[in-house]
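Naming: A, B, ... by sequence-line order, numbering from 1 per chain. Quick note: numbers below take in every heavy atom, side chains included, and nothing from hydrogens, waters or symmetry partners. These numbers were taken from a predicted model, which means no experiment stands behind them.
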Amino acid sequence: MTNPASPPCDAEAAICARGITRDFEAGQTTIRVLHGIDTDIRSGEMTYVVGESGSGKTTLISIMCGILWPTEGEVKVFGTDIYKLSDTELVNFRLNNIGFIFQQYNLIPSIDAAANAAVPLIAKGMPVDEAREKAKVLLEKLNIGNQADKLPRQLSGGQQQRVAIARALVHEPRLVVCDEPTAALDARSGRRVMDLLREVAVAPDRACIIVTHDNRIFDLADRIIVLEDGRITHDGKEMPDGH
Amino acid sequence: MLWIAIRMLTGDAQKFYGLLFGIAFSTLLITQQMTIFVNLVQRGASGVYNAPEAEVWVMDPVSRTTDVSYAMPSTALDKVRSVKGVEWAVPHLRAQANVRTAEGDLEGVAVIGVDDATLIGLPKRMAEGDKAVLFAPDAVAVDDTGALRFFPAGVSPIGARLELNDQRALIRGIADSIPSFTSTVVLYTRYSNALNFVPGTRNRLSFVLVGVSEGQTPAEVADRIEAETGLKAETREEFAQAGIDFIIENTGIPTNFGITVFLGFVVGVAIVGLTFSLFIRDNIKQFGALKAIGVTNGKIVRMVAAQAGLVGMIGYALGVIGTVLFIFGFSANPFFKGFYIPWQVPLISLVAVVIILAITGLIAIRSVLKTEPAAVFR
Ligand SMILES: Nc1ncnc2c1ncn2[C@@H]1O[C@H](COP(=O)(O)OP(=O)(O)O)[C@@H](O)[C@H]1O
Ligand SMILES: [Mg+2]
């Protein structure tokens, strides 16, 4: 149910979330993790969702990218009301429109870097060889073209992350979501990854959402949404004072 | 996606080989044990198979198998011969006797007396010597089981003397026969000789072997013999089945083999189930990631099915090949003589493999389908 007070969706918005709540059952009690979130995400910029651990960031982006049902509210992604789709339609919608960068990269251990990066193309039905070739081009761009034939375990953590980034972008999705990309990295590597993401992920017709509580990289955002206890308390170009 | 599924599986060599081993082991155990079982119970009919000319077996009504028989008066032979549709009828004697071998060992043997004139009642082929050697006085042919049992390797039994219930017998040939269920040594001799070798009771005629006239079926002739003589007459197939049934009913064999086959199945479920669950659990994050990225549940199910199917096919083939090699490897051993793998046996083990994989695959698929795509962000 959208709140009648909520503004209508902007036709230009990549994501339009209205009245999002989410409850989790914890034993006997129900915990409300998100309390009526209204927000629009725009293409062409890098939007950060920041907040303390447990504030509901992961829950919010999971709902916005179609992998977690909201308890209430609706989400339009590029105009499609995604939770009105059938299960299969939603899965295919994700495949065609969304790139994921998981915190644990979740690469498949027994296929090489190029094949891992090519997974979305293979899932779309592209022949493996062709998909690998396309993925290799992207790996070149990410400076790990010479690692294309290596298995994930033969790569360093940073290289694995680049493979995961390539996998999120290889099918040229219009929305990229990324949960805590710098959590496991030191300050310098963290900045390098964020610079890289700006370079490869941000495009005029693509929206990019980064979830983080890493204050070392806040200055790289185009827009910062602050979540506190499941409510948006700030939305602007920079962090509010006191952070 | 199937390419990815297969690579996921084969890339984890330890589990892949574990799964193959589980399936191959189950298949081998089930196929091999059922093969031995089928061949072993068929040994209950070896007496029938070893007298291939007989189309109808006539016996006292209480007789049950070639080895469990009650002798008839010798007049039975003429009664049978007078029945319409009987082309020929010959006497057949089967009795137990004791033999003292050259080494001085005592062994129980079966003595089979075949028709003096036609030698009907002998196995189809001789392994050594011609059937005609039996026309000589005191001549016996030992079966190949006996040739191996009584004589050391390299020593020919031909020309050896045996003391058979105090009578002298001279081995003149070796019969190529199917061993009996108990692998008892068999001595073939002419009916008139057999009467001398085996201590006398009044009635000695164990069976009358019958060939039917052209245009008659053995079943018709058997019915007519029963009606006209009051004796029991069975066709070759009926009597062979009676021998098999006797083994099944009177030994623990079916239970024992049944238990082993069941254990093979259980071990298969255990090994394959555990290994496959471990494999799926190790890859559950990857499956979750695939679901989030946009792989439908239907495709996930097909991936798991392809993984199970690949393991099943290779493992099953290895198990069947293993059984063939086993049977082939032991074919020189008289116990395994004539062993074959009936086509039903690999089919049954295939069904067992399919069930094993269906059980484990369904459990695996359930856990994959239950995984929330949202779990990948945790
Ligand atoms: N599947 C779940 N079941 C129960 N509680 C959950 C579940 N997912 C998240 N939560 C709870 O929701 C709250 C917000 O979680 P999350 O969105 O992961 O926060 P963040 O990403 O900001 O750290 C936490 O208190 C967490 O324990
Ligand atoms: Mg989180």
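- Ranking A123(A), P173(A), P120(A) against chain B, the residue ahead of the rest is A123(A), based on heavy-atom pairs under 4.5 Å.
- By the 6.0 Å contact criterion, CG on D81(A) is enclosed, its count of non-hydrogen atoms from other residues, nucleotides or ligands being greater than 12.
- Residues of residues 243-279 of chain B lying under 4.5 angstrom from chain A, judged on non-hydrogen atoms, do not exist here.
- E52(A) CD: 12 or fewer foreign heavy atoms inside a 6.0 Å radius.
- Remark: N106(A) CG to F287(B) CZ distance equals 12.5 Å, nearest 0.5 Å.
- For L121(A), no part lies under 4.5 angstrom from a heavy atom of chain B.
- Summarising the geometry, atom CG belonging to L95(A) is positioned 6.5 Å from atom NZ belonging to K299(B); distances are rounded to the nearest 0.5 Å.
- Using a 4.5 Å cut-off between non-hydrogen atoms, the part of residues 361-374 of chain B that approaches chain A consists of P373(B), A374(B).
- When heavy atoms are compared at a cutoff of 4.5 Å, F100(A) approaches chain B solely by way of its side chain, counted from C-beta outward.
- Of the atoms belonging to I61(A), it is side-chain heavy atoms, and not backbone ones, that fall under 4.5 Å from chain B.
- Under a cut-off of 6.0 angstrom, the local environment of CG in N215(A) is crowded, with over 12 non-hydrogen atoms contributed by other residues, nucleotides or ligands.
- No other option in I98(A), I111(A), T88(A) has as many heavy-atom pairs under 4.5 Å with chain B as I111(A).
- Residue pairs that meet the side chain to side chain donor-acceptor pair (under 3.5 Å) test with at least one member in residues 10-21 of chain B, sequence neighbours left out, are D12(B)-K15(B), K15(B)-D282(B).
- Rounding to the nearest 0.5 Å places CG of L151(A) at 8.0 Å from CZ of R7(B).
- Residues of residues 290-298 of chain B that come closer than 4.5 Å to chain A, counting heavy atoms only, are L290(B), K291(B), A292(B), I293(B), G294(B), V295(B), T296(B), ordered by residue number.
- Residues G11(B) and S110(A) come closest through the heavy atom pair CA-CB, 3.4 Å.
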